[in-house]
Amino acid sequence: MFKPLLTLLSFTMAFGSSSTATLDEPFQTSFASLSHSACISLFYRAGRMGCSTESRDVQTGELQYFDASIKYPVYKNPFVLVMDEADLTSENVQTAVSNNRWGLLKGILVLNNTDDSTYYSPGPLAPQGRKTPSKNVNYGSFNYAWNSIGDGLYLSNLFGTPIAFLNEADVSSYIRQVSQDSDSEIVAEFNYYMGPETMDSPTCLSWIDNDDVWRPKCLPLGGTSVWATAGSPDVVSQRRKLEDGSSSSSRPVVMVTTAMDSTSMFHDLVPAANTAASNILTLLMAAKILGASVDDATLDALPNRILFGFFQGETYGFIGSRAFLRDVAYPGFQCDSDLTVRAVSSKSNSKHKEKACLYPLRHSLEFQKLGNIAGMIAVDQVGLLATSNTMYAQTDGSNFGGFISNVLQAVGTNSYSAAASNVAGQYFPPSPLTSLLSLSGGAVGGAILTGYNDVFVASGFYESRKDSVMTQDMDLDAIAAAATLLARSALAAAYDDGSYDSDTASSYALNLISETKSDDKTLLALANCLYLDGSCEYLHEYARAENLNEKLRSGLDFGIGMPLGTPPNYYVGVYNADYGQPFVQVEDKRYGAYNGDRYGKQKTDAFSLRPTLLEQSIRGMLNDFLGRGSVDSSGSVPSSLSSCS
């Protein structure tokens, strides 16, 4: 069970001199706050991981350079270690902590001067598996070392040892120089308290102050996952009208999915070019290819529906995919008695009649119109290929997974193909498919299209700040090919009637979907946004359209959500009213859950949420790419850690 939580407490880091101030030298004790990124603490049910000071008192020490080539020295005064980034390993940090018997180590500064050839991944060898808080929501063998350069540092409990990364290379060069000077009196000061050493998520969430008022001392991680189905809207298709009446009459659903987030040692530095951005780009392009190649009438006539799903919080216990799948099918969401209502007050002028639930709060119940899940196709890390012009099908050993693997190998492009992974059917990497296998007990499975074979591509620097286009170019030719393979395999899966005839299904998909190239204008525009400029105009255009749609639907206008930033940052972030948590507005007041009897009395009563710019724009793009045929059957599902139980 995994419930990591982010405590929002102050952190400052400053530099100054250890000399005593005098009237002649009035500025000797002044401090300069330098641009930095912090390692913070996360809490889960059984404890904590990450960094912090021991108390609210500042921790101050003289700068001392860490030289990994010599024996760890004995220091007589309080000190702060200055490390080259390549030396920030679990072994070196644990050595420093274990030698801190007298409490003189006050923190670690990490220099921005790493040689990429000696870099590592601070993530674990077995992502979300052995020795991680997520192991209990994994499925099958979770000891497999997918991340061969994984060090596991970010899993460490470094209470009492604040760590900060210096963002600027020139400042790092200066700090390195002065820290090697034995006569230097430069000191660093940390104010970085994140709760007592024994803090865990249940304690943090259930905190009651002295006035007996519940005031949680932390916030959960989470966001808004986005999904959409392909095909005509229910107002057009008679079949869809019948299906949308109840899930019992709906066709089975083939899910095509990916993760939207990643992490690193420093949560302000998560460029995630290969682990998130490439996944999002590939799946969006697959939706565009399908929508442009296959008309709604054809999609409506197939035995299965296609659903595209982008899930938030996957790095931390598969938050988004577990929340969605538990609502849809495992075991399926149940609204408390008499608390199912219209999502927009019947007194308003809105024509939308979709349902919502007051408690437990769900801002939309459109997911209840989905049929049984037939299987899943996921995509992961296709921006860097382990083998030139080759991608890999990772499977779980199920009939559906074997079928999709065969399809992927049959529907390659002129230059790119897929092959079965060396460990197919034995081990499979973490992805939304893990949630489906875990929650269904292995009854429903699938396959994952990846850029790696039996281990992650080392040069991708998994879950680190080096997973960036500044370090390694992403292969747009491979991404265009992966999108083509995904679109074709999704169509083949929708065509299959349960016989798992991969040859016939593959031929059907190949006849309808042509190959997309890397010079596609949409692909290039999205690549610029997702890799370089997370505040780009392209995303804003779609977000503005979605914001207008929401204003017309509910009467609520939130503007544009929080951007990814420049460069983009794919850390999932906290879950609150400004970041994906749904609410219900009742008589101009907003509630995270409501069991009163006043809802619907005013025309302004409505359910809504405020997604980020990325989440907002993805929904807009799905509605556009799928021919706007999915406007009434697309939606978002809040992804919070409360779903991981």
Side-chain angles (χ1 to χ4, degrees), residues 219-220 222-228 233 235 310 312 320 323-324 327 333 335 339-368 535 539-564 573-624 628 630-640:
L219 291 171
T224 300
S225 299
V226 185
W227 63 273
V235 296
F310 298 75
Q312 274 284 23
F324 180 77
D327 275 356
F333 177 74
C335 187
L339 294 179
T340 298
V341 295
R342 283 183 54 169
V344 180
S345 172
S346 60
K347 294 183 180 298
S348 74
N349 296 324
S350 176
K351 297 180 180 179
H352 290 267
K353 297 181 180 181
E354 65 187 83
K355 299 295 184 179
C357 180
L358 288 166
Y359 190 86
L361 193 143
R362 296 293 186 274
H363 71 292
S364 172
L365 296 179
E366 289 296 289
F367 60 83
Q368 291 186 329
S535 302
L539 295 183
H540 273 85
E541 287 179 0
Y542 280 103
R544 283 193 292 268
E546 279 304 298
N547 183 62
L548 178 58
N549 288 339
E550 179 61 18
K551 184 178 179 180
L552 294 172
R553 184 192 75 91
S554 66
L556 301 175
D557 184 359
F558 300 114
I560 304 301
M562 184 183 300
L564 283 169
V574 299
Y575 185 64
N576 58 29
D578 292 323
Y579 198 89
Q581 181 180 4
F583 63 85
V584 58
Q585 180 165 293
V586 183
E587 297 179 338
D588 298 325
K589 294 182 179 180
R590 295 177 183 176
Y591 302 88
Y594 183 79
N595 59 2
D597 60 1
R598 301 298 301 169
Y599 178 79
K601 304 293 185 182
Q602 295 187 11
K603 65 180 182 180
T604 56
D605 291 356
F607 290 74
S608 192
L609 55 74
R610 188 184 190 193
T612 65
L613 169 63
L614 177 64
E615 296 157 354
Q616 209 169 19
S617 61
I618 285 178
R619 178 167 180 175
M621 280 182 269
L622 289 176
N623 287 334
D624 184 15
R628 291 190 173 84
S630 298
V631 172
D632 292 330
S633 61
S634 67
S636 54
V637 56
S639 307
S640 77

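Keep in mind that the numbers below use all heavy atoms, side chains included, and drop hydrogens, waters and symmetry copies. Since the structure is predicted, the reported quantities are computational estimates derived from the model, not experimental observations.
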task: Return yes if some donor-acceptor pair links the side-chain N/O of E615 with the main-chain N/O of G580 below 3.5 Å, else return no.
output: no
- line: Scanning both residues in full, the closest heavy-atom pair of R598 with D605 reads O-OD2, 3.6 Å
message: Using every non-hydrogen atom in the two residues, find where A543 and L613 come nearest and quote the distance to one decimal.
response: CB-CD1, 3.4 Å
query: Is the OH atom of Y591 crowded by more than 12 outside heavy atoms at less than 6.0 Å?
result: yes
- prompt: Excluding sequence neighbours, so at least two apart, what forms ring pair (Phe, Tyr, Trp, His ring centres under 6.0 Å) with F333?
  reply: none
query: Within the side chain of E587, is there an N or O that forms a donor-acceptor pair under 3.5 Å with the backbone of K601?
result: no
- prompt: Between F607 and Y599, is the gap from one ring center to the other below 6.0 Å?
  reply: yes
- request: For R362 and A356, work out which heavy atoms get closest and say how close.
  value: O-CB, 3.3 Å
query: Any idea which heavy atoms bring P582 and Y575 closest together, and the distance?
result: CD-OH, 3.2 Å
- request: Would you name the heavy atoms of L609 and Q581 that are closest together and state the gap between them?
  value: CB-O, 4.0 Å
Nearest heavy atoms of Q585 and T604, plus distance in Å: NE2-O, 3.2 Å
- prompt: Looking only at atom types and distance, does a side-chain atom of S345 sit under 3.5 Å from a main-chain N or O of Q602, one as donor and one as acceptor?
  reply: yes
message: Can a donor-acceptor pair be found, under 3.5 Å and without considering hydrogens, that links the side chain of S617 to the backbone of L614?
response: yes
- request: Look at the rings of F558 and F583 and say which category their plane angle falls in: under 30° parallel, 30 to 60° tilted, over 60° perpendicular.
  value: perpendicular
